[in-house]
Structure formats: structure tokens, C-alpha cells
Amino acid sequence: MREPAAGARPDRERETGWRTDLAASLVSMGLGAWLFRETFSFSVTASERVGGGIDAAGYPRLLAGLTVLLGLALAARALWKWRTAQAAALPAAEAEGRGGGRLRAALSFAVLLLYTVLLEPLGFLLATPLAVGVLLRITGGRGAVHAAIAAVAFTVAIFVFFRYGVNIVLPEGLLRGISP
Amino acid sequence: MAELGALLAELGGLVGLAQVGALLIGLVLGIIVGVLPGLGPLLGVTLAIPFTFHMDPVSSIALLIGFYQGGSYGGAVTATVLGIPGTPIAAATLLDAHPMALAGRSSEAVTLATLASWIGGLIGGTVLLFTAPALAKIAVRFGPAETFALAALGLTAIASLSQGSTLKGLLSGLFGLMCATIGTDPFTGIARFNFDRTEFSGGLTFVALLVGLFAISEVLMQIERTMRGWQASERIGVAFSMFRTLVSRFFGYLRASLVGVGIGIIPAVGGVTSAFLAYKLARDFSKEPERFGKGAPEGVIASEAANSATTGGALIPMLALGIPGDPIVAVMMGGLLIHGVTPGPMLFFTNLEVLNGIFATFLIGAMLLLPLGLALLPLFVRVLRVPLDYMLAGVLLLAIFGTFAVQRQTLDLWIMWLFGVVGYAMRKAGFPLAPLVIGFVLGPIVEVNLRRAATLASSDLAGYFLGRPIALGILVLVALALAFPLLRALWQRRA
Amino acid sequence: MNRTIARFGFAACAFLAAVGFGPAQAEFPEKPVTIVVPWQAGSSPDVAMRTLASLASDDLGQPIVVQNIVGGSGSVGTLAVKNAAADGYTLLNNWVAPHVVARLFNPEIGYNDGDFAPLFGLIALPFTLAVRADHPATDVASFVEWANAQDRPVNVGICAALSVPRMVMEEFLRTSGVENYKPVPFNGCMPDNVKALLDGSLDATTGVLIAEKIFGDAIKTLAVLTDDRVSFADHIPTAKEQGVDIGWGKTAQGWAGIVAPAGTSDAALEKLRAVLGKHVQTAAFLNKMTAQFIPIEYSGPDEFRALWTRSAELLEPAVQRLLKEKKN
């Protein structure tokens with residue numbers, strides 16, 4: 001009989017090491033502190049006549065303060081984990097994707113950011129096949145011809161869907177005036 | 001019974017061709033995202049949300065309901081054929097469906113799963129139809145203090161009851177609440193966290209945040225993992241002999257469905273837990289528990305009926321109280337908000353036709369699942385042959401242009417990428433994403449009601465809450481939800 | 001698989017060659033026209049614009065698409081259209097709140113009257129004074145009497161902190177002699193403020209007429225805060241009839257219309273005025289609006305532009321008073 005063991009359940013927390021937790025706690029505290037400070041730049045005079053005890057800055061300040069406190073607690077727990085850490089091995093979640101995978105993801109993401117920059121000036125019909133073609137080469141290792149054909153097909157499908165399906169004019173860019 | 005028939009006829013009258021069309025599209029595409037490993041109903045509704053901007057409210061919720069129901073079912077096909085769950089909620093289905101497939105009974109397993117999803121959906125929908133209005137009738141008397149307390153309860157429950165570190169869950173929820181404060185203060189109209197750009201005065205675009213958080217981070221995770229294809233060549237058909245189980249195992253279907261709908265009502269617990277719980281119950285009640293895990297049909301029935309019924313239960317608190325209990329339902333609530341339909345007790349006054357449309361489409365969708373699931377089975381299995389890189393490119397393009405089309409602002413795309421990175425980092429660091437999105441959806445409700453209570457209370461906020469027993473009672477539940485993980489840890493240590 | 005893709009690719013190239021790079025046409029419009037609504041989908045303005053879009057698209061020869069750009073009390077959508085290309089393909093459903101009031105509160109908001117070319121004025125939404133059905137007051141006089149007899153501030157819902165209905169309501173309360181009240185803001189005139197009436201957290205609220213239709217007997221509307229009764233709700237007396245006249249005329253209403261960015265060619269403006277202007281006066285449109293309790297008051301481009309100026313003059317002192325109160 002196979003017990004539906006807790007470890008096999010897909011919704012369980014990924015086990016993380018103390019370093020990750022400590023970094024996360026620092027990020028949380030930093031974010032909380034920064035937002036806490038930002039709340040003092042609001043011009044909250046408008047809240048005087050409406051808003052009662054908690055004004056427009058008071059509520060986000062409350063949240064930011066709580067974030068710093070919980071961040072501290074997370075830091076304490078991370079340090080506790082470090083004190084009691086026995087497993088030298090890297091937890092699965094952190095070991096995953098080391099090396100090639102991470103590079104591939106970073107490259108793809110860079111392509112997507114570049115695509116976002118070029119979308120308006122070049123226009124959808126020129127920028128998209130370029131981006132999709134490169135992405136298919138990176139993620140699927142497709143050959144140049146194959147990637148190019150598939151990229152054009154994707155572009156046309158998406159274009160037709162938006163332009164004639166939901167009546168949305170996608171960025172025209174260089175083709176302004178001549179694109180359909 | 002005649003009354004029920006009249007009610008159904010009335011509900012049916014509310015739904016036109018457009019709505020049923022949207023529902024069908026949602027169901028088919030929903031099953032497909034459910035079948036594809038790594039995608040699931042949450043990703044389905046996320047990608048569908050931008051397109052609902054161009055539909056009427058009932059059609060758009062019909063589309064989302066289709067994705068919810070179809071996506072919750074589709075994972076069972078993958079679990080059977082490949083032995084990996086297409087979605088996490090099919091994990092319990094896998095335990096018996098895959099052994100059945102290995103024994104050459106895959107048609108039987110998939111037919112059973114479809115039948116169970118069908119029954120579960122129908123029972124879930126029926127309970128939804130009768131429970132939500134009753135609950136709303138009570139909730140209409142709730143003032144700002146009670147509404148604030150309820151929202152706080154929903155949020156702490158998702159942070160602490162869902163699996164994983166409570167601390168990280170709470171931080172994630174807080175982050176969601178803070179993201180919701182960006183933009184114009186809903187109470188006084190002054191600008192907050194606008195970083196000196198007018199575009200931010202409308203706040204972070206819900207679609208951009210959502211798509212980034214779930215779709216983009218998922219795509220990044222998939223690209224990072226080793227690229228591999230799936231092989232599923234087996235022919236699958238419909239095993240009509242399984243229809244006999246509807247009679248012979250009637251109580252198995254019923255028990256699991258009721259467990260599912262009950263669990264669904266509780267915030268934060270959801271389909272995975274209800275499926276495992278129903279599975280365990282089925283095994284405990286079985287005369288031959290040793291057959292479980294080796295291809296027992298009861299196991300498939302229990303898991304699928306329960307996770308399907310959970311969808312109906314999960315809609316109850318969202319529609320009646322305006323408090324979403326899981327991220328998929330939170331996304332659906334966002335979809336309603338986009339159309340100016342605010343879920344909660346007022347829905348029963350202001351948007352009765354939308355609400356009845358939701359009930360009707362839910363029941364129709366639950367009914368259609370059986371013929372659709374069985375008729376298109378070969379198509380769904382074939383979906384598994386789509387190359388992974390094509391699938392990812394398709395998801396990316398839909399994510400980008402769905403988000404872009406909403407406001408035609410490139411800024412929204414940058415917000416989407418930012419939250420893609422945030423979601424990716426949070427996944428890596430073991431932070432649950434669900435509290436963030438629920439916090440973001442509940443944020444304005446939490447803030448406005450807390451501050452409205454403060455306005456009405458003048459100077460004595462604590463006294464105001466103390467004078468309102470219902471609000472106080474709910475806040476006690478909040479404290480319990482926060483203490484629960486601690487108590488659980490203590491109890492486990494003693495055991 | 002590959003062959004299918006290759007075939008699709010060729011078809012795509014052929015498609016691009018045939019459609020994409022053909023000669024440009026001259027006649028406006030040659031692609032979909034977008035009307036930006038600065039409020040949420042499903043709101044009354046959105047319903048009005050979507051109705052118009054569905055009725056007028058065929059006549060215009062291109063689809064009319066309604067796009068909701070919300071935020072900043074409507075100023076985000078307004079600014080977006082000001083910055084859009086003035087080619088007639090992007091229009092704005094302009095509302096008094098972002099167009100005039102937001103600019104009075106924040107002169108640096110980035111747009112003014114000169115940035116927009118009016119097509120026509122369309123909507124004039126009156127505000128009301130509403131209480132729960134079991135409230136002792138039956139008219140304005142008994143409400144004022146009741147309010148002044150309380151030993152606590154009376155909680156009055158205002159649709160939003162910086163809004164026309166708030167200024168109208170406060171002007172009304174001041175004129176009628178209610179001194180001790182607490183304004184409680186909401187996000188709009190429906191439905192959260194009405195819920196607050198029902199759950200007892202508000203004593204009275206600024207409302208809109210559609211609340212009558214939706215909540216029926218659960219609430220009581222004591223007065224319409226305009227000069228004239230509204231045709232489809234003419235059983236409700238005005239505040240003026242009941243002796244409280246704030247003297248704001250049409251400016252006491254939430255008005256709206258359709259505009260294009262300034263600089264749009266006259267040919268495009270004329271075409272849009274002709275087609276859209278025709279459809280907002282058809283029975284099909286007017287019946288739908290009456291069913292939704294949206295009062296239509298058509299006015300030509302010049303008259304509409306004059307209303308902008310008048311509103312700014314009248315609302316300016318009220319805005320200054322609010323700003324001054326906040327500083328204290």
C-alpha cells in the first residue's frame with residue numbers, strides 16, 4: 001500500500017536553507033523600512049476631515065512596520081536554522097537549475113526585456129518574429145530556418161487574433177500607415 | 001424537486017449563446033492547460049483575464065468558470081497517462097489512476113475520473129446555489145468593522161493554514177496589501193507611492209501583477225528546468241462499463257463530493273487537501289483498503305469528485321462575503337471587479353442577474369464536463385505532444401499581449417516583468433504566491449473598511465470594535481488562525 | 001508537424017504581402033476607433049459608451065472599441081487621451097470630475113480645456129439625498145430638524161473625497177443649516193454607500209437615482225439636488241422646491257460628453273460628430289439609457305465647451321474652501 005505521504009504532496013513548502021531565509025528577511029526588512037520612510041512624503045493634510053484615526057499614510061505605515069517586524073522574526077528563524085543545521089547538502093529547490101538552466105532562463109528574460117523596449121519603435125509585426133525566433137533557438141534549440149518559420153507563424157496568429165478577434169490595434173511602429 | 005426544476009429553467013433563461021460559447025471555450029482550453037504538465041487552472045484563469053475586458057460580465061465569468069472547472073479536471077488525464085500530475089490537485093488521482101493505466105485500464109481510469117468530476121461539480125454547484133444566498137442574507141448586516149475583520153480572517157487563514165512557513169505566508173500577504181496601497185488613496189484621493197509618475201495614480205494594474213507573478217515566473221522556472229518532451233502514444237477511449245459505478249458506488253461519489261465542497265468553503269485549504277482527505281476517507285471506509293494505490297477505482301472516484309466539488313465550495317465565501325479563499329477564486333473576483341461587479345452581499349441587490357448568471361454557468365459547465373471530457377479525450381491526450389518550447393512561446397505571447405491590450409501602456413509590461421522576477425525569486429525562496437495575490441485583491445477592502453470604521457468610531461477605535469460582538473468574534477478567529485501553526489508545531493512535538 | 005508549420009508560414013508571408021503592404025487608404029476611419037472611459041467597466045459611463053459603440057459601429061464603418069483606463073479619479077484616462085495621437089482614433093468620455101475638479105485641486109495635473117476638442121455633451125447625472133427606509137425624516141425640512149437634534153455628528157456619505165457630489169452635498173448641508181455632520185467618503189455613489197445606509201453605519205448619503213431602482217423600498221430618496229425634477233423619477237421633489245437652493249444650476253450635476261485630443265482634423269471631427277451625434281439621439285439609445293437611469297442631455301460642441309468654463313468658475317471657490325479646511 002502506498003501512503004499518500006506528506007513529502008509527496010505538491011503543495012508543500014520548498015525546503016530552503018538558512019542563507020536564503022536570511023537574504024529574504026533582509027529584503028523584507030529593507031523593503032518595509034524604505035516604504036515606511038516613503039509614507040512621510042505623502043501630503044496627508046487631505047485626510048484631516050475624512051479618515052478619522054487612521055490617515056492615508058497611517059495605514060501603509062502600519063503595514064510597513066509589520067513587514068519589518070516579521071522580517072526580523074524571519075531573520076531570527078534563519079539564524080536558528082543555521083545553528084541547528086545538520087544537512088550539508090543543498091536543498092533541492094536551490095540545487096535545481098544550477099548551470100545551463102539558469103543561463104538559459106536569464107538569456108530568455110534578456111531577450112524579452114529587449115523585445116519590450118523595441119516593441120513600440122519597431123512595431124509588433126517586425127519585433128515579434130525576431131524575439132520569438134531567438135527564444136525558440138534558446139529554449140528549444142531549434143534550427144535557424146525552423147525557428148524563423150515558426151516565429152512568423154506565431155506572429156501572424158497572434159496578430160490576427162488581436163486585430164480581428166478582439167479589435168485591438170497592436171503597436172504599429174515603423175509600419176504605421178502601411179500595416180493592416 | 002419541481003421547485004428545483006423551475007429554478008433551473010429560470011437560471012437557464014439568463015444564459016445566452018454568447019455565455020455558453022465563452023463557457024465552452026473556457027472548458028476546452030481549461031482542460032488543455034490542466035492536461036499540460038506545469039500549467040493548471042490558475043495559469044488558465046490568469047491568461048484568460050485580459051480577454052474578459054472585452055466581454056460582458058456574465059460571459060467573462062463563464063469563461064473563467066470554464067477554465068476553473070476544466071483545469072481542475074484536466075490534470076487527471078495526465079496523471080493517468082503519464083503518471084505525473086498535470087496539476088497539483090490531480091496528485092491524489094495519480095495514486096490509483098496510473099496503476100490502472102499500467103494494468104491496461106487507462107480508458108476505465110479516465111472515464112471514472114470524468115464521471116467523478118462531473119458528479120462532484122454538480123453537487124458543488126448545487127450546494128453553491130443554496131448556500132451563497134443564505135450566507136449573504138446574514139452578511140448584508142455587516143458594517144465596516146465586520147467586513148474588515150472578515151477580510152483580515154481570509155488573509156491570515158491563507159497565510160497560516162496553507163502549507164509552508166506561516167511567517168513567509170504572512171510576509172507575502174503583507175506585500176500584497178502594500179502593493180494595493182500604490183496609487184490614489186481610495187479614501188481621500190491623495191497620491192501615495194506614485195514615484196512621481198501619473199501612470200501610477202491608478203495603482204498597479206491587476207492584470208500586469210497577476211500575469212507576471214504566476215505566468216511569467218512559471219515560464220522562467222520551466223525554461224530553467226531541463227527541457228524534456230513527453231511521450232504519450234497510448235490510445236484512450238471511453239469505457240462505458242464505468243457508468244455502472246454511478247449506481248454501485250453511489251455513496252463513494254456522494255461522500256467525496258460533500259467532503260470536497262465542505263473543504264472548499266474553508267479559506268486557503270483547497271483542492272489538493274480535499275482530494276487527499278476524500279481519498280483517505282474512501283480508504284478508511286473500504287473493505288479492502290489494501291487495494292488502494294494499486295489501481296482501486298474508488299481512489300480515483302474519491303480524489304476527482306472531491307477536487308471538482310471544491311470549486312463550487314470555494315466560490316461561496318467569494319460571492320456571499322466578498323472574501324476569496326484561494327488564488328484562483330481571487331483572480332475570478334478580480335475579473336468581476338474589472339466589470340464593476342463587487343462580490344459580496346450587495347451582489348444580491350445590485351447585480352442579481354450577474355449572480356444568477358454565475359450560478360447558471362457553473363451548473364451548465366459542470367453538466368457539460370461529462371460529454372465534452374469524453375468526446376474530446378483523444379484531442380486532450382494529443383495535446384501532450386506539443387513541443388514544450390512552442391507551448392512556452394505561446395504562453396509568453398498571450399501573457400504579453402493580453403496584458404498590453406488592457407490599457408495599451410508599455411508600463412504595464414514592465415510591471416509584468418518586474419513581478420515575473422518577484423514571483424520567480426519568491427518561489428525560489430519558499431514564499432507562497434497565493435497570499436500576495438489575495439492580499440492585493442483584498443487590500444482596498446481591508447484598508448477602506450478599517451479606516452471607515454475609524455472614521456465612524458471618531459477617537460475610540462478599540463471601543464468601537466469591542467461594542468460589536470460579531471466583529472470581535474471574527475477577530476478572535478484571526479488570532480486562532482495565527483496561533484494555529486504554533487499549536488500544530490507544539491502538538492506534533494508532543495506526539 | 002514541421003510541414004504544417006512551414007505551410008502556415010508561407011500562408012502568413014503571402015498574407016502579409018497581400019494585406020500588410022498594400023496601398024494606404026485615405027478615408028477616415030480605416031481602423032477601429034477607441035473610446036477611453038476613465039471609469040471601471042460596468043459603471044454607468046461604461047454602459048453608456050458601450051451601448052453607443054454597439055449602435056454606431058456599423059454606421060462608422062469600423063468597430064468602436066471601449067477601453068477602460070481607470071485611476072486617479074479619472075485623470076489617468078483623461079491624460080492618456082490628451083497624450084494620444086490626434087488622429088481621431090482615440091476619443092475620451094470626459095467627465096467633470098477629472099476634467100475640471102481634479103485640475104482645480106491640482107493645477108499641475110497636465111491637461112486643461114485647450115487640450116481637448118469637444119464632439120458633444122451627453123450626460124447630466126443629478127445627485128440625491130437618501131436615507132434608510134425606516135429613517136424618521138420624510139422630507140428635507142424634517143431631515144434638517146432631525147439632524148440638528150442629534151448630540152453627535154451626523155454621518156453623511158459623500159461619493160468620494162474630492163468630488164462634485166461631495167461639494168454639492170456639503171453646499172446643500174450648509175445652505176439648509178445642518179452644522180454638525182461628518183463626511184464619510186466611498187469609492188463612488190453606488191453601491192457601497194447604500195450598503196452603509198442599510199447596515200446602519202451612515203445616517204444619510206449622497207446618492208444617484210439608480211439606487212432607487214435597485215434598492216427600491218429599502219431606501220428613501222428625500223430630494224434631488226438639482227433645479228428641475230428628473231423625467232424618469234419625477235415623483236422625487238427637488239431640494240429647491242423644498243426651500244433649499246444652492247444656486248449651482250447645471251454645475252450641480254455630474255456631466256459628461258465625448259471629446260477628441262485637440263488638433264484632430266476637422267474632417268475626422270465632423271465625421272465623428274455626425275455619426276455618433278446621430279446615434280445618441282435615437283430611440284434605441286435613449287431607451288437603453290432610461291432603463292439604466294442615465295439622464296441624457298445632448299448639447300452641441302460650443303455649448304458643451306461653455307459648460308466647462310462655467311463649471312470651473314463655479315466650483316473654484318468650493319475647491320478653495322476644501323483646500324483651506326485641510327490646511328487648518
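Below, read A as the first sequence line, B as the second, and so on, with proteins coming before strands; counting in each chain starts at 1. None of the values given here were measured: they were computed from a predicted structure.
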A.B. asks: Return the option, out of C/Val65, C/Asp46, C/Val66, C/Ile214, with the maximum number of heavy-atom pairs under 4.5 Å with chain B.
C.D. replies: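 When all of C/Val65, C/Asp46, C/Val66, C/Ile214 are compared, C/Ile214 has the most.
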A.B. asks: Where does C/Arg152 contact chain B at under 4.5 Å (heavy atoms): side chain, backbone, both or neither?
C.D. replies: neither
A.B. asks: Looking at every non-hydrogen atom in both residues, tell me the closest pair between C/Val76 and B/Gln409 and how far apart they are.
C.D. replies: CG1-NE2, 4.4 Å
A.B. asks: Which atoms of B/Ala405 come close to chain C, meaning under 4.5 Å heavy atom to heavy atom: side chain ones, backbone ones, both, or neither?
C.D. replies: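 Just the backbone, heavy atoms under 4.5 Å.
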A.B. asks: Rounded at 0.5 Å granularity, tell me how far CD1 in B/Ile445 sits from CG in C/Asp192.
C.D. replies: 9.0 Å
A.B. asks: Under a 4.5 Å heavy-atom cut-off, does chain C meet the side chain of B/Val354, its backbone, both or neither?
C.D. replies: neither
A.B. asks: What heavy-atom pair brings C/Val194 and B/Met346 nearest, and what distance separates the two atoms?
C.D. replies: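 Looking at all heavy atoms of both residues, the shortest contact is C-CE, 4.3 Å.
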A.B. asks: Would you indicate whether B/Lys137, at its atom NZ, is surrounded by more than 12 heavy atoms from other residues, nucleotides or ligands within a distance under 6.0 Å?
C.D. replies: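 It does not: B/Lys137 NZ has 12 such atoms or fewer within range.
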A.B. asks: Can you give me the closest heavy-atom contact between C/Val184 and B/Arg452, atom names plus distance?
C.D. replies: CG1-CG, 3.7 Å
A.B. asks: So do the side chains of C/Leu198 and B/Phe349 get within less than 4.5 Å of each other, counting heavy atoms only?
C.D. replies: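 Touching, per the 4.5 Å side-chain cut-off.
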A.B. asks: So what's closer than 4.5 Å to chain C heavy atoms on B/Arg141: side chain, backbone, both or neither?
C.D. replies: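 Both parts, backbone and side chain.
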A.B. asks: List for me each residue that meets disulfide (SG to SG under 2.5 Å) alongside B/Cys179, sequence neighbours excluded, and say none if there are none.
C.D. replies: none
A.B. asks: Name, in order of residue number, those residues of residues 85-96 of chain C that have a heavy atom at a distance of less than 4.5 Å from a heavy atom in chain B; otherwise write 'none'.
C.D. replies: none
A.B. asks: Based on non-hydrogen pairs under 4.5 Å, which of B/Ala145, B/Pro444, B/Pro345, B/Pro144 is most in contact with chain C?
C.D. replies: B/Pro144
A.B. asks: For C/Asp199, enumerate each residue passing the salt bridge (Lys or Arg N to Asp or Glu O under 4.0 Å) test, keeping only those at least two apart in sequence or located in another chain.
C.D. replies: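 Result, salt bridge (Lys or Arg N to Asp or Glu O under 4.0 Å) vs C/Asp199: C/Lys195.
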A.B. asks: For C/Lys220, look at atom NZ and say whether over 12 heavy atoms of other residues, nucleotides or ligands are found less than 6.0 Å away.
C.D. replies: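 Correct, the count exceeds 12.
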A.B. asks: Quick one: list whatever passes salt bridge (Lys or Arg N to Asp or Glu O under 4.0 Å) with C/Arg132, sequence neighbours left out.
C.D. replies: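 So C/Arg132 forms a salt bridge (Lys or Arg N to Asp or Glu O under 4.0 Å) with C/Asp134.
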